[in-house]
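Encoded as structure tokens, the structure appears first; notes follow it.
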Amino acid sequence: MSDNTVLIRNLSDHESSEVRLLGWIEKRRSSGKIGFLEVRDGSGTVQAVISRAKVDEATWQAVQDVTQESTVAVVGTVAADARAPSGFELHATSVTILSLTEDYPITPKDHGTAFLMEHRHLWLRSSRQRAILRVRSEVSHAIRDFYSERDFVLIDSPILTPAACEGTSTLFATDYFGEPAFLSQSGQLYLEPAAAAFGKVYCFGPTFRAEKSKTRRHLTEFWMVEPEVAFLEFPGLCDLAEEFITYLVARVLDRCAEPLKRLERDQSKLESVQGPFPRMRYREAITTLADHGKILEFGDDFGAEEETILANLHDRPLMITHYPAKAKAFYMQPDAEDEDLALALDVIAPEGYGEIVGGSQRVHDHELLLRRIKQHDLPEKAFQWYLDVRKYGSFPHSGFGMGLERFVAWMTGIPHLRESIPYPRMLHKIYP
RNA sequence: UCCUCGGUAGCUCAAUGGUAGAGCGUUCGGCUGUUAACCGAAAUGUUGGGGGUUCAAGUCCCUCUCGAGGAGCCA
């Protein structure tokens, strides 16, 4: 390997010197005596210019023969040029085809969603997909940084779990040495015991839901980050969610300028995501919806349409709290002032991206939790270990979950979740 | 799971019940500054599968299948 191989991203540091690039051909244009190759190496894209008069016959022939997505080595001099989108191009002296590609399926023009999804492994190479996945990567790092900076301990919750927590219809079942087992749909229950060990904990990993959902807001496999904090009560939970979201948005704005530009994301929409977020109780939301012609009864949950009406009233995430207890999960702490309400929080992203955070203060009273488990017809025995958290040194605690893909879709402004994860898993879709 | 709309060349799409088309891509030729390059030429079809109506079906009917959009549910 030649030691003057550089990354395209760093070309500006090598103006006027000879360098070598290793990468793939995105596009080729050629006339009788001059050729242009757009080369991508993962760090960026640059145009190599080849003058027939200045190169040997083998290089000129390579420029004629090379095809889209062939692998090449290009040697040349870095030159500033006002015509180049990046400000630089490469005056090539040698082009070598390392691997010739034939009939690359994704051509420069239009393609339908179904076709692109069938070729997801190749679609990843496109500039748009690269931009989205760079944002995802940055958000992932920011999530870990946020909790790490605040002394949270990372607890990796298990993927394989025994008996169901909230009904088996939304769980993927598998066989575990003759015993039924299920892919985890949340790490929360495993996080609560860890909160007694470390105080502040979080998990961040894939979760699985066998919901037969066929919408732009659903995947069957998605990543969720869930903090869980001992002695944190409901108002503090809302503050944590707000601080977390503003941190992530600021980080994306700070470090993802290039991908956001490529995606033509309206960054002013993200810049307005500053605390404090509007907070609205469920009853207030019902009233507001009635003003907009949507009549809901106490206890009804919001549909996509209701969510959008409420979210569009604000230019930043909307926090809806104090939901009817019966519409929410068994482990949510009732409001001391109104037992029919749960200390539950949903955060609705603006611009129609829907619910990105769901959380609550947890029931910490042993008797109450036991009663709830029975009311929901859940197998008490399977929850013995979970009840132990209340049996041995109980403590008030709260936590929430945030879906990574929905957050990334919001940041990047893409219409469908399927592009926010490298290999989306959706209803009846598991290839490639 | 339900509702709606689709499946025609490698891709994106046209085609009154009456000879199967275009653009892009590909191949060949031309061009010294292209940026979805441009100009000229050529090749490319079991119209998703099965059944039916008709003198005649890509087109109408039934069925299966695959896909897209939406709903419910959720992050």
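Every chain is numbered from 1, with letters handed out A, B, ... down the list of sequences. We use all heavy atoms of the structure for the numbers below, so side chains are in, but hydrogens, waters and symmetry mates are not.
- A donor-acceptor pair under 3.5 Å is absent between the side-chain atoms of A:S137 and the main chain of A:L133, judged by distance alone.
- Applying the side chain to side chain donor-acceptor pair (under 3.5 Å) criterion to A:R316, with sequence neighbours excluded, gives no partner residue.
- Here the closest heavy-atom approach between residue A:R217 and residue A:G352 is recorded as NH1-O, 3.2 Å.
- A donor-acceptor contact closer than 3.5 angstrom links the side chains of A:D56 and A:T59.
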Identify all pairs in which a protein N or O lies below 3.5 Å from an N or O of nucleotides 72-75 of chain B, and state each distance.
from	atom 1	to	atom 2	distance (Å)
B:G72	O6	A:K214	N	3.3
B:G72	N1	A:K212	O	3.3
B:G72	N2	A:K212	O	3.2
B:C73	O2	A:S213	OG	2.8
B:C73	N3	A:H218	NE2	3.1
B:C74	OP2	A:D301	OD2	3.4
B:C74	O3'	A:R209	NH1	3.2
B:C74	O2'	A:R209	NH1	2.7
B:C74	O2	A:H218	NE2	2.9
B:C74	O2	A:R406	NH2	2.4
B:C74	N3	A:R406	NH2	3.0
B:A75	OP2	A:E355	OE2	3.1
B:A75	O3'	A:E355	O	3.4
B:A75	O3'	A:I356	O	2.7
B:A75	O3'	A:V357	N	3.1
B:A75	O2'	A:E355	O	2.4
B:A75	O2'	A:R406	NE	3.4
B:A75	O2'	A:R406	NH1	2.1
B:A75	N6	A:L219	O	2.7

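- Comparing B:A9 with B:C24, their C1' atoms sit 12 Å apart, to the nearest whole Å.
- Residue A:R28 is classed as having no contact, given no heavy-atom separation below 4.0 Å to the nucleic acid.
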When you compare the protein's N or O atoms with those of nucleotides 33-35 of chain B, which come within less than 3.5 Å of each other, and at what distance?
from	atom 1	to	atom 2	distance (Å)
B:G33	O2'	A:R83	NH1	3.2
B:G33	N1	A:E89	OE2	2.9
B:G33	N2	A:E89	OE1	2.7
B:G33	N2	A:E89	OE2	3.1
B:U34	O2'	A:R29	NE	3.2
B:U34	O2	A:R29	NE	2.6
B:U34	O2	A:R29	NH2	3.1
B:U34	O2	A:Q47	OE1	3.0
B:U34	N3	A:Q47	OE1	3.0
B:U34	N3	A:Q47	NE2	2.7
B:U34	O4	A:Q47	NE2	2.8
B:U35	O4	A:R83	O	3.3

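- When the C1' atom is compared between B:U19 and B:U59, the two are found 16 Å apart, to the nearest whole Å.
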Only Watson-Crick and G-U wobble pairs with both distances less than 3.5 Å should count. Give RNA chain B in dot-bracket notation, marking inter-strand partners with |.
(((((((..((((....[..)))).(((((.......))))).....(((((..]....))))))))))))....
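- Pairs passing the salt bridge (Lys or Arg N to Asp or Glu O under 4.0 Å) check and including a residue from residues 96-108 of chain A, sequence neighbours excluded, do not occur.
- Under 3.5 Å, the side chains of A:R29 and A:Q47 contain a donor-acceptor pair of N or O atoms.
- Counting only residues at least two apart or on different chains, the salt bridge (Lys or Arg N to Asp or Glu O under 4.0 Å) pairs with a member in residues 73-88 of chain A are A:D81-A:R83.
- B:U47 and B:C60 have their C1' atoms separated by 16 Å, with the value rounded to a whole Å.
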Could you list all N or O pairs between the protein and nucleotides 44-48 of chain B that sit under 3.5 Å apart?
none

Worked check of salt bridge (charged side-chain N to carboxylate O under 4.0 Å, His left out) between A:R283 and A:D338:
CA-CA 12 Å; A:R283 283 189 199 280; A:D338 184 346; 3.2 Å; yes
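- Remark: A:Y202 engages A:Y147 in a ring pair (Phe, Tyr, Trp, His ring centres under 6.0 Å) (not counting sequence neighbours).
- Ring centroids of A:H322 and A:F234 are separated by less than 6.0 Å, placing the two rings close together.
- For B:G21 and B:G45, the C1' atoms lie 11 Å apart once the distance is rounded to whole Å.
- Under a 3.5 Å cut-off, the side chain of A:Y104 and the backbone N or O of A:L122 do form a donor-acceptor pair.
- Residue A:R418 contributes atom CZ, which lies 11 Å from atom C1' of B:G67 at whole-angstrom precision.
- With A:F146 as the aromatic partner, A:R150 meets the cation-pi criteria of under 6.0 angstrom to the ring centre and within 45 degrees of the ring axis.
- In this structure, the side chain of A:R40 does not engage the main chain of A:S126 through any donor-acceptor pair within 3.5 Å.
- The separation of B:U12 from B:A75, taken at their C1' atoms, amounts to 34 Å, rounded to a whole angstrom.
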Between N or O atoms, less than 3.5 Å apart, protein on one side and nucleotides 6-12 of chain B on the other: list the pairs.
from	atom 1	to	atom 2	distance (Å)
B:C11	O2'	A:D110	O	2.7
B:C11	O2'	A:H111	ND1	2.7
B:U12	OP1	A:G112	N	3.0

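- A:R130 CZ: more than 12 foreign heavy atoms inside a 6.0 Å radius.
- Legend: residues meeting side chain to side chain donor-acceptor pair (under 3.5 Å) with A:D41, ordered by chain and number and at least two apart, are A:S43.
- Taking atom P in both B:A20 and B:G48, one finds a spacing of 15 Å when rounded to whole Å.
- A distance of about 26 Å separates the P atoms of B:G18 and B:C11, rounded to the whole Å.
- A donor-acceptor pair under 3.5 Å is formed between the side chain of A:S420 and the backbone N or O of A:L417.
- A:H119 comes within 4.0 angstrom of nothing in the nucleic acid, heavy atoms only.
- Between the side chain of A:E228 and the main chain of A:L191, no donor-acceptor pair closer than 3.5 Å is present.
- Each of A:T67 and A:K33 was assigned the nucleotide of RNA chain B with the nearest heavy atom; the assignment lying further toward the 5' end belongs to A:T67.
- For the pair A:Y431 and A:R425, the tightest heavy-atom approach, listed with the atom from each and the gap, is N-NH1, 4.3 Å.
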Scan the side chains in residues 94-101 of chain A for donor-acceptor partners under 3.5 Å anywhere in the protein, sequence neighbours excluded, and list what turns up.
from	atom 1	to	atom 2	distance (Å)
A:T101	OG1	A:E69	O	2.7

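- Taking atom P in both B:G67 and B:G58, one finds a spacing of 26 Å when rounded to whole Å.
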Can you check nucleotides 38-40 of chain B for protein contacts, nitrogen or oxygen pairs under 3.5 Å, and list what you find?
none

